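Step one of this worksheet: look at the structure below.
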Amino acid sequence: MSDGTRLSRPWWEPGVIYQVYPRSFQDSDGDGIGDLAGIAARLDYLSDLGIDAIWLSPIFPSPMADFGYDVADYCGIAPIFGDMAAFDALLAQVHARGMKLLLDFVPNHTSDQHPWFVESRSSRDNPKRDWYIWRDPAPGGGPPNNWTSDMGGSSWEFDPATGQYYLHAFLREQPDLNWRNPALREAMMDVLRFWFDRGVDGFRIDVLWHCVKARDFPDNPPNPDYRPGMGEKLAVLQTHSTDQPEIHDVAHAMRALADGYGERVLVGELYLPTETLVRYYGSEDAPGCHLPFNFQLIETPWDARAIARLIEAYEAALPPGGWPNWVLSNHDRPRIAARLGEAQARIAAMLLLTLRGTPTLYQGDELGIGQVAIPPDRVRDPQDLRQPGLGLGRDAFRTPMPWDGTAHAGFSSAEPWLPLNPDWPDRNVARQAADPGSILELYRRLLALRRQRASLSVGDIAVIEADEDVLQYVRRHDGERLLVALNLSSKARRLLVPAGMQLGEVLASTLPSEHSRNILAPDEGVIIRIEGE
Ligand code: GLC
Ligand code: MG
């Protein structure tokens, strides 16, 4: 790296994270479900693409009620994915390619099959009783309060054996842990130590803002915007069940532990508005996550002015030293091309890879996978199965990677656990790798450019102008200035070049064709060098 200032930066600041959903990346043993050996076999694809770190969604032993987000053993590997030897081999191969590996830490809840919960529910005086959240029924009977589960229904499940309710923010098979209990806390810190000692480079922390609840469990206020059909999660506001002040002590304890291992990164899953989100960076004295996931692009309308305001508001809200990050989609949220179509998904790729901060890509978005209709008999997601008909299913965003034109798209020798994207014979890695105009090749070019030009990764950002269709900003580092201009419409638009700005070489366009310097073609985004001072 030629730029001296970059040497002192941790790898994740200029780096790009890529989320692998292990069930759907590559199957190696013919059971139709992706696995660790499959991922290992596809590492060249990821290093050629040009990413820096892989985040794996959960790979731990689990009954798979929520596809691994119901962990039955934090320090093991689910047999469908492989074993500890396969994990160690994968980690070594990732490191041998100069990449990093992040695991998914699920601290809010375990599986109801976890031995801790089996003990906890066995009697009221079991030493692990208080590792989970148990409450008596309300005075007149029924659940202790009105909290609702993200997966529908009450958050409380009655356990007849001991006559109390336990709390579950998600499925009843996912009892919530009690982070106010010091022994539980220490046991969870041991989980982090276990994986750090094995050499993992960091964690994505599942639903971090859920981990601590208000001490007295008051009712949540009703949600004034709730309408039947939205899913019961939204019946109340999660005022008392999430984002409590004490969560920041928990985040800091995790951070202090991670820092003891050197350059290890903590990425927090936090669906929160910007003002509350940025508190998860912590303070100088008590730092929290390195990267509290910024999901604002997922939640904001695709409108140039709205996105310009969002960039400015987010940048302004960052605490000193807080490094930004951006996300377009993940295994819980509709695919970007399903939302916007492929033409704008290309613009979205340029946006994500040219904003200031660490981007997280989600597998398959680089192929522009769009809508996938899941036939009723193939639905797997419990969020859909338990609240049918509300359109809450996530299977369509979790379909297997289409690698080539052979049977089952090269993903597996057997029928995959979820259907493929219907256009897989055309929309697959092999086809797109052979087509310089494909969205995959656009991603590869943008990732390479970002690696070459420090202005794109670590440079300053200034939003210079936006109307409803065109979003423009300048990235600047060490005397280099790059203009990013994105046409969010399907009409040709004039570049909004500020007076006195001299445009130089066009470094990239989202379109395969030649770019004309002053006009943005429909659905075109460009990166242009700015000449002079
Ligand atoms: C997170 C995961 C999601 C899971 C939930 C409960 O939001 O991303 O897939 O269902 O947590 O663990
Ligand atoms: Mg398999």
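All ligand and atom numbering here is 1-based and tracks the order in the structure. Predicted model, so just to flag it, every value in this text is computed and none were measured.
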Is the NZ or CZ atom of [X] positioned over [Y]'s six-membered ring, under 6.0 angstrom from the centre and within 45° of the axis?
{"X": "Arg42", "Y": "Trp403", "value": "yes"}
{"X": "Arg356", "Y": "Trp323", "value": "yes"}
{"X": "Arg333", "Y": "Tyr362", "value": "no"}
{"X": "Arg23", "Y": "Trp417", "value": "yes"}

Heavy-atom side-chain contact between Arg121 and Trp134 under 4.5 Å: yes
With the side chain counted from C-beta on, respond yes when Gln383 and Leu392 share a heavy-atom pair under 4.5 Å apart, and no when they do not.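 With C-beta onward as the side chain, the pair touches.
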Just which atoms of ligand 1 are under 4.0 Å from any heavy atom in [X]?
{"X": "His331", "value": "2 (C), 3 (C), 8 (O), 9 (O)"}
{"X": "Arg398", "value": "9 (O)"}
{"X": "His109", "value": "6 (C), 12 (O)"}
{"X": "Met151", "value": "10 (O)"}
{"X": "Val207", "value": "1 (C), 7 (O), 11 (O)"}
{"X": "Arg394", "value": "3 (C), 4 (C), 9 (O), 10 (O)"}

Salt bridge or not for Asp52 and Lys100, using N-O below 4.0 Å? no
Please state which protein non-hydrogen atom is closest to [atom] and give its distance, to 0.1 Å?
{"atom": "atom 8 (O) of ligand 1", "value": "Asp332 OD2, 2.5 Å"}
{"atom": "atom 2 (C) of ligand 1", "value": "Asp206 OD1, 3.1 Å"}
{"atom": "atom 7 (O) of ligand 1", "value": "Glu269 OE2, 2.9 Å"}
{"atom": "atom 10 (O) of ligand 1", "value": "Asp66 OD2, 2.6 Å"}

To the nearest 10 degrees, could you say what angle the Mg ion (ligand 2) makes with OD2 of Asp35 and OD1 of Asp29?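 Taking the Mg ion (ligand 2) as the apex, I get 90° for this pair.
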Which bit of [X] is near ligand 1, meaning a heavy atom under 4.0 Å away: side chain, backbone, both or neither?
{"X": "Gln383", "answer": "neither"}
{"X": "His168", "answer": "neither"}
{"X": "Gln19", "answer": "neither"}
{"X": "Arg333", "answer": "neither"}

Taking the Mg ion (ligand 2) as the reference point, name the nearest N/O/S atom of Asp27. OD1
Among the N/O/S atoms of Asp31, select the one at the shortest distance from the Mg ion (ligand 2) and name it.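 When I compare the N, O and S atoms of Asp31, OD1 is nearest to the Mg ion (ligand 2).
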Check for me whether the distance between the ring centres of Trp147 and Tyr165 falls short of 6.0 Å.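 No, too far apart.
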Main chain of Glu232, side chain of Thr148: is a donor-acceptor contact present, judged purely on distance under 3.5 Å?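 Yes, the answer is positive, given that a donor and an acceptor are paired below the 3.5 Å cut-off.
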Answer yes or no: is there a donor N or O on one side and an acceptor on the other, between the side chain of Ser120 and the main chain of Lys128, under 3.5 Å?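 Confirmed, Ser120 side chain pairs with Lys128 backbone.
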Is there an N/O/S atom in Ile33 that lies less than 2.8 Å from the Mg ion (ligand 2)? yes
Take Arg398 and Asp395 through the test salt bridge (charged side-chain N to carboxylate O under 4.0 Å, His left out) and record every step on the way to the result. CA-CA 5 Å; Arg398 300 173 174 183; Asp395 294 320; 5.3 Å; no
